[in-house]
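All values below were derived from every heavy atom in this structure, side-chain atoms included, with hydrogens, water molecules and symmetry-related copies excluded. Atoms within each ligand, like the ligands themselves, are counted from 1 in listed order. What you see is a predicted model; the values in this text were computed from it and never measured.
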Amino acid sequence: MPIAMIVHGGAWAIPDDQVEAHLAGCRAALETGWAILEGSGSALDACEAAVRLMEDDPIFDAGTGSHLTAAGTVELDAALMDGRTLRYGAVANLRRVRNPISLARRLLEGPGTMLVGEGAEQFAERQGLALCSNEELIVERERQLWARWRAGQSSTDSAAGAEATVGGHDTVGAIALDGAGNLVAANSTGGTPFKLPGRVGDTPLVGCGLFADTNSGAAVCTGWGESIVRVTLARRAVELLERGVPPQAAAELAVRTLARSVSGGSGGCIVLTPDGRVGLAWNTRRMAYAYRQEGGAAVWGV
Ligand code: ASP
């Protein structure tokens, strides 16, 4: 069976001076996942490793370096879905887990469910995953953005607030097809900038932020979560694949539906078929991505 992998580093107006870092992060994640697939590793291992790398890369809104909530804390969501069994592991509202994707993996291979907040962190401890402090997940860039947003909120300086609110949506995601023919979808996020504490977007929701079915294909989404949930974007993209729509057209159609169905609906979508063809589309200014298909070289861009 051919192997293939695609990753993304978020769909939003990535500023010019952050493009290189986004591309480098996507390429590194792809290389890591690809090495696992090439060595006959599983799509689960490839996705987990690729997403972990992006969670640890502070340029992305996932793991360390995530956007802060309105309360100035980091709250993380992630999920992983196995296309062969349709099992998933999902986590939300984590404050003390450095790599949420690895906790999602434990859940997929354990109870196969979604855990949030304290219960999820207790599960992580029982699984022997080290917890960190919330502070350790915060980087200076995000602290400053938050401070400017707060200043804009509490003063008449709405320009500072507005500028900061424009912020990013650089959730990360990955889909891999392994040599055994299994498709796995994964994603991880710190959510939207200055979100309400407790808010959960599309990322950890099966059918919204991700979907994988080895018989038909897989999709992973990024962008404004509230709009993505309303159209169950990932399931919609896979449904198009099921109807025989080619992957590039399926990704484009899904994103067009998002924009048409929800006022202000914005984001991006990556797609991979069971025979290793990719599709990718976004209606934001940019989306960082990298992919590779059996027999070909890595491709990346924004
Ligand atoms: N979809 C994520 C959310 O709404 C954000 C993103 O994709 O960057 O939480």
Side-chain angles (χ1 to χ4, degrees), residues 6-15 18 21-22 25-26 29 51 54-55 57-70 73-81 90-95 100-101 104 114 116 137 141-142 145 164-175 185-211 219-237 251 254-255 258-259 262 264-271 280-289 302:
I6 180 164
V7 305
H8 78 73
W12 63 293
I14 301 169
Q18 289 186 28
H22 277 76
C26 286
V51 170
M54 291 194 280
E55 287 176 338
D57 184 338
I59 194 70
F60 297 116
D61 176 30
T64 307
S66 288
H67 297 313
L68 305 194
T69 67
T73 52
V74 164
E75 291 183 359
L76 305 173
D77 310 330
L80 192 62
M81 184 169 185
V91 289
N93 209 353
L94 303 179
R95 290 164 172 240
I101 197 66
M114 177 188 234
V116 306
L137 300 170
R141 177 196 68 226
E142 295 303 322
L145 265 180
T165 307
V166 169
H169 298 275
D170 29 14
T171 287
V172 304
I175 313 175
N187 58 17
S188 183
T189 190
T192 47
F194 325 125
K195 65 186 180 184
L196 286 173
R199 174 264 187 195
V200 177
D202 61 300
T203 302
L205 303 182
V206 168
C208 300
L210 79 171
F211 193 79
V220 166
C221 304
T222 175
W224 179 35
E226 281 73 0
S227 65
I228 292 170
V229 168
R230 283 158 72 180
V231 299
T232 55
L233 191 61
R235 185 70 189 101
R236 201 175 272 262
V255 170
L258 172 70
V262 182
S266 69
C269 176
I270 56 173
V271 167
L280 61 169
W282 58 95
N283 69 350
T284 47
R285 180 163 167 238
R286 287 174 163 150
M287 181 174 81
Y289 64 86
V302 285

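- With hydrogens and angles left out, the side-chain atoms of Glu55 and Ser188 include a donor and acceptor closer than 3.5 Å.
- Using a 4.0 Å cut-off to heavy atoms of Asp170, the atoms of ligand 1 that qualify are 8 (O).
- Using a 4.0 angstrom heavy-atom cutoff, Glu226 does not count as in contact with ligand 1.
- Closest heavy-atom approach to atom 2 (C) of ligand 1 within the set Gly223, Gly201, Pro193, Ser266: this belongs to Gly223.
- Asp202 pairs in a side-chain contact (heavy atoms from CB on, under 4.5 Å) with only one of the listed residues (Val229, Thr189, Leu210), which is Val229.
- Of the candidates Arg199, Met287, Glu75, Arg199 brings a heavy atom nearest to atom 4 (O) of ligand 1.
- Side-chain contact between His67 and Asp170 is present, with at least one heavy-atom pair separated by less than 4.5 Å.
- Near Thr203, meaning under 4.0 Å from any of its heavy atoms, are these atoms of ligand 1: 1 (N), 2 (C).
- In this structure Val262 satisfies the side-chain contact (heavy atoms from CB on, under 4.5 Å) test together with Trp224, Ser227, Arg230, Val231, sequence neighbours excluded.
- The option from Thr284, Asp202, Ile228, Thr171 that lies nearest to atom 1 (N) of ligand 1, judged by heavy atoms, is Asp202.
- Val255 and Gly267 get closest at one heavy-atom pair: CG1-O, 4.0 Å.
- Atom numbering of ligand 1 starts at 1 in the shown order; those under 4.0 Å from a heavy atom of Gly191 are 9 (O).
- Aromatic ring pairs are classed by plane angle as parallel below 30°, tilted from 30° to 60° and perpendicular above 60°; the pair His22 and Phe60 is perpendicular.
- Shown in contact with Thr222 at under 4.0 Å from a heavy atom are these atoms of ligand 1, numbered in order with element: 6 (C), 7 (O), 8 (O).
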